[in-house]
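Please read the structure below before turning to the comments.
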There are 2 protein chains.
Amino acid sequence: MARVTLADVAHAAGVSQATASRAVNGSNRTVRPDLRERVLAAASALGYTPDANAQAMARGRTTSLGLVVHDIADPFFSTIAAGVSQAAEEAGLIVSLTETQGDPRREVEIVSLLDRQRAMAIVLAGTRLGDDADDAALLAALEAYRGRGGQVALVGQRLGDLPVLAVDHRGGAAELAGALVDLGYRRFAIAAGRPRHRTAAARVAAIRSELAARGLPVPDDRVVHTDLTRTGGRAAAAALLALAERPEVIMAVTDLMAVGVLGGIRDAGLRAPEDVAVTGFDDIEIASDVTPALTTVRLPLREIGQRLTALALIPGGADALEPVRGEVVVRESTPAR
Amino acid sequence: MARVTLADVAHAAGVSQATASRAVNGSNRTVRPDLRERVLAAASALGYTPDANAQAMARGRTTSLGLVVHDIADPFFSTIAAGVSQAAEEAGLIVSLTETQGDPRREVEIVSLLDRQRAMAIVLAGTRLGDDADDAALLAALEAYRGRGGQVALVGQRLGDLPVLAVDHRGGAAELAGALVDLGYRRFAIAAGRPRHRTAAARVAAIRSELAARGLPVPDDRVVHTDLTRTGGRAAAAALLALAERPEVIMAVTDLMAVGVLGGIRDAGLRAPEDVAVTGFDDIEIASDVTPALTTVRLPLREIGQRLTALALIPGGADALEPVRGEVVVRESTPAR
DNA sequence: TTGTACGCGTTATCAC
DNA sequence: GTGATAACGCGTACAA
């Protein structure tokens, strides 16, 4: 089963390798129909398959797009990945999936890995949580990649002057907080993520500032920082429900945490939303499956993946025009009171 | 920003390209320390990055692994993908993510796409749902790929004599059905997937045969075939709850469908599990998040991904020794009665 | 241990 | 329209 190459096909068809090449890929130079036919016939007869690597080298450009996420098992990222995957397929690209697992250094390694791979574009869907030095290292790696002709697009927080798809976390968070006030809630608590997590921090800040503006500042002891996971949410709920004055509503910075908060409320022998109301953020599918269904801020995750890919494919590397906006979705977890 | 190649590095270091090559990759032939140092210094000074494509061509083997799933946004697949991703990273491979969206023809296209890519292995995590002709086409494509030295591994149903990681759907399904009988359930209904879906069909068959063996055969009108989605589950519940004699428990063939069934039960103005009990299959994370938490058959999805990858990396392409077994997990959705 | 030279499979440039 | 031929960037026998 030796590998059959273009040379074999050309030889079998009795034409030059150049003609064979033109016949199989359809270059701008055209080929006489009968020859073209002969080549194609020979190719399929021999079971020829073009070598994408060789093509990439000869053409000077690959057809692969690097996607870097935090954790593909997290519905937030898997949904964005679905959008990227779809857009990539439509563009004839094949996506290289990589995970950072939240490690900033790993993120830099991945960028250079994809760089070596000569991926034509890198899409960063993971929210960064490193310090400034980590950011600088990542930026340097990405700029080096760009210098070699690579395209880049990232979501959320901006990094240097890299093309970024802005997401209006603050607007959505503020709107959500406002909606709760309108529903009659007064005593708030927040299940915040880790302070270093940029996105989580932005949401928490927006919530607090909106509430403060409405005369309902959230004291520090009512903001608990845990992991952005179910477990983290559960722990946060436990801590918040142990306070002297029980909060009327616990706002989690992600749906996943909110699900954990629901569990924590049950653990404490309380009911949601009767005893404590809960909100999430993102509107991943699970948000409407749990009981009570979660009030949250809907982010068009799949669309974000698509737009991110489109952004990465813009030759110059332009910036996204309009930021993605969240939409408050009120469900059973926050009844009027 | 011209691309800096190994030749540039060699020239800058004052050595031959061969020596430079040996210095950067660490071939078996060794290089004198001082020269080695000079080369490395020159490389980093010039900002050299090896071209993985060129390396692949020169070495005759790539470092990429193709992963094909149904839909990466589906938690079932994203969890398996996480396992594959992890195992691939440990093996120094980079995974190419592709989605079939349930289209058998697309699946064949993807295989040949990955083939052109010269992926060193292809992992098929999507359950097939085509007819025999589709299977034959897929098998042919995979065999052709194998003939060219590619490794293959698939999960679930076997295809030809390709290496397969067997999953004991039947055993788990039968055990689950038995457990329900032991809990006191007698009137069963099944939210089955599409009949053509191999995995779903296997589960349904096992459930029915186990129940029949216990003297509780499930009539055809109590087996509803809908899509393997939330929506499908919802529709199935609606149909099953409209029957003259309301079933005591609805067994869905996947957790996702079971979640839909829960919704359908609410739609009908009934409660789970008081009025109707529900079971799922797979034990994706959401299964324990919904209310009531789902009784289901736990499949170690992440581990499946890892084992699948390991299987694909076995040189000869051996078969997996032991099949993956599911474990029945009884939760609130099926109280004893 | 180091250097020379060729091959990997394909595309693109150039004459014909 | 077609065919030599030179890249593309790197690994590796082979010789020195």
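Chain letters run A, B, ... following the sequence lines, proteins first, then strands; residues in each count from 1. What's counted below: heavy atoms across the whole structure, side chains too, no hydrogens, waters or symmetry copies.
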Look at the side chain of [X] and decide which nucleotide, out of [options], has an atom nearest to it.
X: A:Gln17; options: D:dG3, C:dT10, D:dG1; result: C:dT10
X: A:Ala18; options: C:dT2, D:dC10, D:dA4; result: D:dA4
X: A:Ala58; options: D:dT2, D:dG11, C:dT11; result: C:dT11
X: B:Arg3; options: D:dG9, D:dA4, C:dG3; result: D:dG9
X: B:Gln55; options: D:dC10, C:dT10, C:dT2; result: D:dC10
X: A:Thr30; options: D:dG1, C:dT2, D:dC10; result: D:dG1
X: B:Leu35; options: D:dG9, C:dT11, C:dT2; result: C:dT2

Is the count of non-hydrogen atoms from other residues, nucleotides or ligands lying under 6.0 Å from [X] atom [atom1] greater than 12?
X: A:Glu37; atom1: CD; value: no
X: B:Glu109; atom1: CD; value: yes
X: B:Arg36; atom1: CZ; value: no

Roughly, in whole Å, what's the span from [atom1] in [X] to [atom2] in [N]?
X: A:Arg61; N: C:dA12; atom1: CZ; atom2: C1'; answer: 12 Å
X: B:His11; N: D:dC10; atom1: NE2; atom2: P; answer: 16 Å
X: B:Arg36; N: C:dT2; atom1: CZ; atom2: C1'; answer: 15 Å
X: A:Asp34; N: D:dG1; atom1: CG; atom2: C1'; answer: 11 Å
X: B:Arg116; N: C:dT10; atom1: CZ; atom2: C1'; answer: 14 Å
X: B:Asn53; N: C:dT11; atom1: CG; atom2: C1'; answer: 14 Å
X: A:Leu6; N: C:dG9; atom1: CG; atom2: C1'; answer: 8 Å

For a quick test of reading the model: is some side-chain N or O of [X] closer than 4.0 Å to OP1 or OP2 of [N]?
X: A:Asn25; N: C:dT10; value: no
X: A:Thr19; N: D:dG3; value: yes
X: A:Arg32; N: D:dT2; value: yes
X: A:Thr5; N: C:dG9; value: no
X: A:Ser21; N: C:dT11; value: yes

**Request:** Could you tell me how the ring of B:Phe77 sits relative to the ring of B:His70: parallel (under 30°), tilted (30 to 60°) or perpendicular (over 60°)?
**Result:**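 Ring orientation, 0 to 90° scale: parallel.
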
**Asked** Any side-chain heavy atom of B:Val9 sitting closer than 4.5 Å to one from B:Val4?
**Response**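 Yes. Closest side-chain heavy atoms under 4.5 Å.
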
**Message:** Counting C-beta onward and ignoring hydrogens, is there a side-chain heavy-atom pair between B:Thr309 and B:Glu90 closer than 4.5 Å?
**Reply:**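 No, side chains not in contact.
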
**Message:** Looking at A:Arg118 and D:dG9, is any side-chain donor or acceptor paired with a base atom of the opposite kind under 3.5 Å?
**Reply:**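 Flag unset: no donor-acceptor pair detected.
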
**Contact nearer the 5' end of DNA chain C, comparing B:Arg59 with B:Arg22** =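 With B:Arg59 and B:Arg22 compared, the 5'-side residue is B:Arg22.
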
